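Notes to accompany the following structure.
These numbers come from a predicted model, not from an experiment.
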Amino acid sequence: ALRGRGPAGAAGRPLLAALLGLAILQALFFSRIPLSVAVPYYRGVVERFYPLPDIAVALLVGLGAAAMLARLEARAARTAAGIALAALLGGAPLAAHFATLDQRGNTTIEDLGRNLLAALPRDAVLFANGDIVYNSLIELQVVEGVRPDVTLVEQYLLTRAWYVHAMRRRHPELLPAFTTHAEPDSDRYRGDSLSGNLRWIDHLNGVRPVAFTGFIDPTFGTRYEMVRTGLVLVPLPRGAAPPPGERARAAVRLLETLALDSFFRRQDPLGPEAESRWRTTQFVASVCFLLCETDGQTITSAEFPGLRVLAGFLDRYESWTPSPDAELLRAAGFLHVYHPEFRSPARAARALEGYLASGATGAEADGAARLLDAIRSAR
């Protein structure tokens, strides 16, 4: 009918035009997605656009199904056949993928946002980066009214003059001047010495607490070191970081307040929930290493119940195959060697073996291998 010359062909021309237009628009759309599918999460983002061509397929399937059903004269037969087709075409894929599609009770991203906020002191400024973190925190603050005292700044949006202008209107004292020029578009982050994050920190130092979820430039490193506090990083003047024992106690106290159960929920491996797990594993790994320090080894679960939270988390994590973050296996291996309440040569060996089996290389892997050899020799 699409190629016919008579009335049927004429009737098919709008359909042909719609399909050609859809193909052109989708080709233009996909050409504008600059994400590399080599990165698992970016591949997951791009895959969410793959169903767009299915619009054309669905249109053609619907027309074909309608033509088939029209051949049935009895209304009851058409109804029964329509239900059967719908069950076959829609029900089977839904049944096969229901576990992935079912998001009931999935609080992973909400918990991520709450856990990020848990480490922040009152009236803190959090420089966030990335859609997952930013959108989670925006929802918590705007919709649920959680921690309205925290000022959230999206670092990538600072590259846009309109966002900088909006932040200056809402919080006039928040940002330093990025430029000495008068051009309307010049007041924005450009990655130079005037707009780098070193100036953000200097501007707020002693005025409001500052924390980061990540960085878009390294200029802070000339005067500050980033100290992990929960799931965020706090800039402190070089040499001013608290001793390991003090940091270990603060981290264990914070563990008691975090929502961690959703971390272990089954997730789409290419989805934002799975991609966000590293923020939690990095914090837990840092706690493990702090507890391996001399002062950290004196911390007990009788005084700090957060140690029991850590123990429960590691029990679940170490039995998880494959491990989503081998670095936490390395940290757990060391913890099972050095901390009295966690000491277990067998668990230490399994954790270190799992870490080395991940293909880790470098000085950290060499240290893990030496510790594993020492455990085996002591047996």
Under a 3.5 Å distance rule, please check whether Thr219 uses its side chain to pair with a backbone N or O of Leu198 as donor and acceptor.
yes
Quick one: side chains of residues 345-353, donor-acceptor pairs under 3.5 Å with protein atoms, not counting sequence neighbours, listed by atom name and distance.
unit_1	atom_1	unit_2	atom_2	d
Arg347	NE	Glu318	OE1	3.3
Arg347	NH1	Asp315	OD1	3.0
Arg347	NH2	Asp315	OD1	3.1
Arg347	NH2	Glu318	OE1	3.3
Arg347	NH2	Glu318	OE2	3.0
Glu353	OE2	Arg376	NH2	2.9

Under 4.5 Å between any side-chain heavy atoms of Tyr189 and Ser195, yes or no?
yes
Regarding Arg279 and the six-membered ring of Phe263, is the cationic atom NZ or CZ under 6.0 Å from the ring centre and inside 45° of its axis?
no
Under the side chain to side chain donor-acceptor pair (under 3.5 Å) rule, what do Ser301 and Glu341 come out as? Steps first, then yes or no, please.
CA-CA 8 Å; Ser301 58; Glu341 289 199 21; 2.9 Å; yes
Cut-off 3.5 Å, side chains only: do Tyr224 and Asp202 have a donor facing an acceptor?
yes
Tell me yes or no: between the side chains of Glu110 and Ser136, is some donor less than 3.5 Å from an acceptor?
no
Got a sec: does the CG of Asp131 have more than 12 other heavy atoms crowding it under 6.0 Å?
no
Under the ring-ring contact (aromatic ring centres under 6.0 Å, His included) definition, can you give me all pairs with a residue in residues 277-310, not counting sequence neighbours?
Phe289-Phe334
About how many Å separate CG of Leu60 and CG of Leu15, when rounded to the nearest 0.5 Å?
6.0 Å
Enumerate the side chain to side chain donor-acceptor pair (under 3.5 Å) contacts for residues 69-97, please, sequence neighbours excluded, ordered by first and then second residue.
none
Kindly say whether Thr361 contributes a backbone atom to a donor-acceptor pair with the side chain of Asp366 at under 3.5 angstrom?
no
Side-chain heavy atoms under 4.5 Å apart, restricted to Ile/Leu/Val/Met/Phe/Trp/Tyr: what other residues fall into the cluster of Val207, or is it alone?
none
Give the C-alpha distance, both sets of side-chain angles, the deciding distance and a yes or no for ring pair (Phe, Tyr, Trp, His ring centres under 6.0 Å) between Phe264 and Phe313.
CA-CA 9 Å; Phe264 295 98; Phe313 187 93; 5.0 Å; yes
Candidates Thr107, Ile132, Thr108 - the one meeting side chain to side chain contact (heavy atoms under 4.5 Å, CB included) with Glu273:
Thr108
Counting only pairs under 3.5 Å, give me each side-chain donor-acceptor contact of residues 115-128, with atom names and distances, residues two or more places apart or in other chains.
unit_1	atom_1	unit_2	atom_2	d
Asn115	OD1	Ala259	N	3.0
Asn115	ND2	Asp111	O	3.2
Asn115	ND2	Ala259	O	2.9

Listing request: all side chain to side chain donor-acceptor pair (under 3.5 Å) pairs with a residue in residues 226-247, at least two apart in sequence or in separate chains.
Arg228-Gln282
